[in-house]
There are 2 protein chains.
Amino acid sequence: MTVTQPTAATHDASDTLLERITQELPSLRRSEKKVAEIVLADPVAAMNYTMAGLAEAADVSEPTVMRFCASIGCEGFQDFKIQLAQTLALGLPVTHSAINPTDSSANLAEKIFDHTISSLDRARRTLDGEEVERAVAVLLDSSDILFVGFGASGIIAQDAQQKFPLFGVPCQAPADFHQQFIAATMSGPKSVTVAISNTGHTEQTLTVARAAKRAGGTVVSITGQTSPLSELADVPLVVRTFEDTDVYTPATSRLAGLVLVDVLATGVALRRPQEHNEAVRRMKSELAAMRHGPDAEESAES
Amino acid sequence: MTVTQPTAATHDASDTLLERITQELPSLRRSEKKVAEIVLADPVAAMNYTMAGLAEAADVSEPTVMRFCASIGCEGFQDFKIQLAQTLALGLPVTHSAINPTDSSANLAEKIFDHTISSLDRARRTLDGEEVERAVAVLLDSSDILFVGFGASGIIAQDAQQKFPLFGVPCQAPADFHQQFIAATMSGPKSVTVAISNTGHTEQTLTVARAAKRAGGTVVSITGQTSPLSELADVPLVVRTFEDTDVYTPATSRLAGLVLVDVLATGVALRRPQEHNEAVRRMKSELAAMRHGPDAEESAES
DNA sequence: GCTGAGATGTAGTGTAGCTACATCATCGAC
DNA sequence: GTCGATGATGTAGCTACACTACATCTCAGC
């Protein structure tokens with residue numbers, strides 16, 4: 001999507017423009033810094049500036065603006081504007097638009113949606129395709145699947161448990177820790193345990209994952225960072241979101257987790273024999289008929 | 001963010017650029033249509049075109065490209081490019097990039113994340129701030145809250161049930177239909193029932209909502225469209241996502257629902273007395289201590 | 001205080017985006 | 001069927017914006 005920048009090596013192309021500016025800020029020359037500050041102060045306004053306008057606003061000359069663009073890894077001013085526009089389309093991450101108590105509900109909704117979208121974008125950019133591939137392969141080959149997680153991660157487990165039985169593989173996602181532990185202990189060589197924990201440090205989840213490994217099963221982890229859980233997993237999936245810095249900031253990690261589960265489920269569905277998917281389609285339409293709504297209902301989407 | 005267009009009245013400023021082009025397509029002049037088709041065929045490439053380049057690709061003259069920009073409600077070519085970039089940053093909606101069985105897992109992940117982000121963007125654009133405000137007010141004033149939903153909507157209910165007890169109001173989200181019905185029947189004048197159903201036609205959910213109303217409670221609905229459920233609700237919240245046209249397309253509606261719940265929870269939290277939020281903060285840090293992780297765990301985020 | 005390297009600004013150029021006008025097609029009326 | 005009028009499309013030219021080469025200035029080190 002975004003054009004990769006072969007220039008400046010310090011920053012990662014998978015970072016968002018505003019992040020990159022913030023990162024590079026200390027290493028910028030004095031007058032370039034002035035430009036950066038103007039941009040960070042009001043990115044939306046900066047997007048509509050012309051080069052001369054930005055130069056004037058920052059009280060520097062036009063070539064300085066050019067050099068600034070080059071420093072943060074853009075091809076030129078045009079490219080800078082486009083990249084900025086793209087970044088802004090995803091919404092300003094919380095660091096740039098904190099929630100405050102005087103916000104109207106409409107504002108609040110705007111900000112939370114923005115934050116969520118930015119987070120998902122980050123997850124998308126940092127997700128390792130190879131690991132996803134491996135996870136799909138492992139799940140396809142499984143005899144039974146156990147999903148474990150607590151709190152918000154438990155919600156993800158439950159969601160997964162709604163989807164995966166569609167593939168004819170027995171699934172469970174018990175909420176109770178003891179039951180989880182028992183199920184993990186019973187793992188066979190083709191059993192897969194999907195252990196979910198945002199921090200990757202949750203003691204109980206770790207215990208269950210260890211039990212599953214000890215019993216000879218395969219462990220897929222879904223965490224927000226590299227952590228004890230991802231270290232012990234056979235297939236570690238890492239979904240990076242933006243840290244929740246504020247009390248008011250809701251947990252976006254669980255949403256990213258849910259989307260990842262969607263990806264896994266869809267990946268598995270695609271690689272299944274076609275006739276089986278036909279059966280799923282039939283089941284779905286029958287389920288829809290059980291309601292008097294005009295179209296398929298919200299349960300059991302693949 | 002985007003400048004509102006006083007010109008052409010047909011299209012809504014809250015629509016995404018590609019949607020607008022598709023909408024306007026029939027009413028475009030013949031040679032402008034050629035431009036539109038080139039853009040729709042490969043929007044990513046179009047973004048990097050210069051005006052002359054696009055003109056050549058569509059085999060028309062440069063002014064025609066200009067007129068095309070004006071027709072779809074852009075200030076000029078520059079503006080067109082920026083808006084296109086913004087649209088693409090959100091990812092191509094499924095209509096433009098369908099999932100096919102030959103996709104690699106990395107591709108698949110990309111597409112599903114894109115689709116989800118586009119959907120959330122749509123939800124954000126179509127959400128009614130006034131209704132959210134009313135929902136927050138109603139929830140703030142409630143004596144107890146009941147969340148109901150089945151299938152994927154049940155997941156949303158459960159998620160909500162994890163958040164709202166933080167505000168000191170008794171909450172429940174029973175999975176069992178009969179229990180839901182009983183709870184709804186017991187509604188008092190300050191009881192709030194949040195009924196969740198993407199289609200808004202789910203029979204059981206409707207039954208529970210009606211029972212709650214009959215008992216004198218207030219009903220807040222979360223649906224994907226105006227429907228019987230939203231009609232009977234006191235506060236109807238509508239979260240529009242992109243329809244799930246394909247078997248392989250996962251349900252994004254539940255994600256939008258979850259974000260909406262975040263918005264409601266945050267809205268309520270912000271309007272609560274400050275000392276109460278202090279108590280929540282303390283509870284969260286204690287919960288974090290129960291794990292040996294470095295930071296707060298994934299449950300109980302406000 | 002001098003020297004040189006790096007930072008910043010000045011002046012100039014090419015081109016991309018835009019506009020005014022001319023030409024051509026299309027359709028209706030006589 | 002021809003003429004005229006309206007609207008669509010292309011041509012030519014202009015403005016200004018992004019970009020570049022060069023000069024000047026600042027400041028560190030000697």
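Lettering follows sequence order; numbering is per chain, from 1. From a predicted model like this one, the values you see are computed outputs, not experimental measurements.
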Reading 5' to 3' through nucleotides 14-19 of chain C, protein heavy-atom contacts under 4.0 Å coded B for base, S for sugar-phosphate only, - for none: --SSBB
Whole-Å distance separating the CZ atom of A/R67 from the P atom of D/dT20: 11 Å
Whole-Å distance separating the CZ atom of A/R29 from the P atom of C/dG6: 10 Å
Test salt bridge (charged side-chain N to carboxylate O under 4.0 Å, His left out) applied to B/E32 and B/R30, B/K34, B/R29, the passing residue: B/R29
Working for salt bridge (charged side-chain N to carboxylate O under 4.0 Å, His left out), residues B/R240 and B/D128: CA-CA 11 Å; B/R240 280 178 219 285; B/D128 185 338; over 6 Å; no
OP1 or OP2 of D/dA8 under 4.0 Å from side-chain N/O of B/S31: no
Spacing of A/L28 atom CG relative to C/dG6 atom P, expressed in whole Å: 17 Å
Salt-bridge criterion met for B/E24 and B/K33 (N-O under 4.0 Å): no
For atom CD of B/E56 and atom C1' of D/dT9, their distance in whole Å: 18 Å
A/S61: partners by side-chain hydrogen bond (donor to acceptor under 3.5 Å, both in side chains), with sequence neighbours left out: A/T64
Length of the line joining B/K33:NZ and D/dA8:C1', which is rounded to integer Å: 13 Å
Sequence neighbours excluded - ring pair (Phe, Tyr, Trp, His ring centres under 6.0 Å) pairs with any residue from residues 46-72 of chain B: B/F68-B/F80
Touch class at under 4.0 angstrom, heavy-atom based, for A/R30 against every strand present: sugar-phosphate
Atom-pair distance (CZ on A/F68; P on C/dA7), nearest Å: 16 Å
Polar contact flag, side-chain donor to acceptor under 3.5 angstrom, A/T241-A/S119: no
